[in-house]
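The next block holds one structure in the form of structure tokens; read it before the comments.
FYI, side chains are in, hydrogens and waters are out, and symmetry mates aren't considered; it's all heavy atoms of this structure. The chain is numbered in sequence order, starting from 1.
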Amino acid sequence: MKKSTVLILLIVFLGSVLVVGIFGLRSVPYEKLVYAKEIVPTSVTTMLDTKKLPIKEEVNDKGERYYYVVVPYEENLTLLINYRLTPADCTNKTVRVSIVYPTSNPPAAIGDKNSIVFNRKGSVHLLYSTTDSASGPTMDFWIYTY
């Protein structure tokens, strides 16, 4: 290499060290994805009298946890089911609610804003699942009317 080439490379190198030393490196923050790890029901209330119903927790034969509530049936029974996602700062807080049982002609329909509307007596098995990942947490929730 020629002396002039080496001298130019040395000047560029020292100049870049000087610039980084004075101004520093700029770090670019990125948004960290935090996935939900658990869904837990917090309260179940009826829409007419906003009375809180007791939520019971059980474990089935497979060791899976499920929740249920027993409600007296009345005409136009609408239940509001609230839940909590853990951790609270998870990125995607969207939860999908689906009726698992009965598969045909269920006694209730899923309304808006976590509400379940009954049109007749019967039991309903709901599945709450997060939409942030395919293997995310789920919550089994049963509603029994009498």
Side-chain angles (χ1 to χ4, degrees), residues 5 8-146:
T5 306
I8 290 174
L9 287 175
L10 184 62
I11 291 172
V12 169
F13 174 73
L14 291 175
S16 63
V17 169
L18 183 65
V19 168
V20 170
I22 293 172
F23 297 107
L25 290 174
R26 180 175 165 225
S27 64
V28 179
Y30 66 95
E31 186 174 329
K32 182 180 175 185
L33 292 177
V34 178
Y35 295 106
K37 294 185 175 147
E38 184 179 36
I39 306 173
V40 179
T42 56
S43 67
V44 176
T45 57
T46 58
M47 292 294 276
L48 293 178
D49 58 6
T50 64
K51 182 177 89 174
K52 282 191 175 185
L53 301 168
I55 301 170
K56 297 180 173 104
E57 179 181 347
E58 296 285 332
V59 177
N60 64 12
D61 298 338
K62 299 175 187 174
E64 300 167 334
R65 189 170 51 168
Y66 68 94
Y67 303 92
Y68 69 94
V69 66
V70 180
V71 183
Y73 177 76
E74 55 192 41
E75 197 169 327
N76 297 323
L77 174 65
T78 303
L79 298 177
L80 181 62
I81 301 172
N82 295 312
Y83 55 86
R84 178 183 71 241
L85 292 173
T86 305
D89 65 340
C90 59
T91 305
N92 187 355
K93 296 180 191 271
T94 307
V95 174
R96 181 178 46 247
V97 182
S98 57
I99 296 177
V100 177
Y101 177 83
T103 55
S104 62
N105 197 17
I110 299 169
D112 58 342
K113 298 184 180 178
N114 306 331
S115 65
I116 308 298
V117 181
F118 279 84
N119 53 21
R120 68 180 197 288
K121 280 186 186 180
S123 59
V124 176
H125 178 200
L126 302 171
L127 181 67
Y128 288 74
S129 56
T130 58
T131 59
D132 59 357
S133 67
S135 62
T138 60
M139 176 180 74
D140 285 320
F141 197 89
W142 284 85
I143 303 171
Y144 301 104
T145 58
Y146 62 92

* Structure fact -> Residues at least two apart in sequence or cross-chain that pass side chain to side chain contact (heavy atoms under 4.5 Å, CB included) with E75, listed by chain then number, are none

Of the non-hydrogen atoms in [X] and [Y], which two are nearest, and what is the gap between them?
X    : Y    : answer
N119 : P106 : OD1-O, 4.3 Å
S123 : P107 : O-CG, 3.8 Å
V124 : A108 : CG2-CB, 3.8 Å
T138 : S129 : CG2-CB, 3.8 Å
S16  : F13  : OG-O, 2.7 Å
A36  : P87  : CA-CD, 4.3 Å

* Asked: By ring-ring contact (aromatic ring centres under 6.0 Å, His included), which residues pair with Y83, not counting sequence neighbours?
  ->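 Checked Y83 against ring-ring contact (aromatic ring centres under 6.0 Å, His included); matches are Y128.
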
Is there a side-chain contact between [X] and [Y], using heavy atoms and a 4.5 Å cut-off?
X    : Y    : result
T46  : T78  : no
L79  : L53  : yes
T130 : Y35  : no
I99  : L126 : yes
F141 : V97  : no
L14  : L10  : yes

* List the steps, then state whether side-chain contact (heavy atoms from CB on, under 4.5 Å) holds for V44 with L80. => CA-CA 6 Å; V44 176; L80 181 62; over 6 Å; no

* Structure fact -> The side chain to side chain contact (heavy atoms under 4.5 Å, CB included) partner of Y73 among F118, Y144, Y146 is F118

Atom [atom1] of [X] and atom [atom2] of [Y]: how far apart are they, to the nearest 0.5 Å?
X    : Y    : atom1 : atom2 : answer
N114 : I116 : CG    : CD1   : 8.0 Å
T86  : K37  : OG1   : NZ    : 10.0 Å
R84  : E38  : CZ    : CD    : 7.0 Å
C90  : L33  : SG    : CG    : 11.0 Å
D140 : Y66  : CG    : OH    : 9.5 Å

* Hey, mind stepping through V40 and E57 against side-chain contact (heavy atoms from CB on, under 4.5 Å) and telling me if it holds? -> CA-CA 10 Å; V40 179; E57 179 181 347; over 6 Å; no

Around atom [atom1] of [X], are there more than 12 heavy atoms of other residues, nucleotides or ligands at under 6.0 Å?
X    : atom1 : result
R120 : CZ    : yes
Y101 : OH    : no
K93  : NZ    : yes
N76  : CG    : no

* Asked: Does N82 offer a backbone N or O that forms a donor-acceptor pair with the side chain of T42 under 3.5 Å?
  ->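 Present.
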
* Does T131 offer a backbone N or O that forms a donor-acceptor pair with the side chain of T94 under 3.5 Å? ->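 A pair under 3.5 Å: no.
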
* Mind telling me whether W142 and H125 have parallel, tilted or perpendicular rings, with 30° and 60° as the class edges? =>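 Taking W142 first and then H125, their aromatic rings lie parallel (interplane angle under 30°).
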
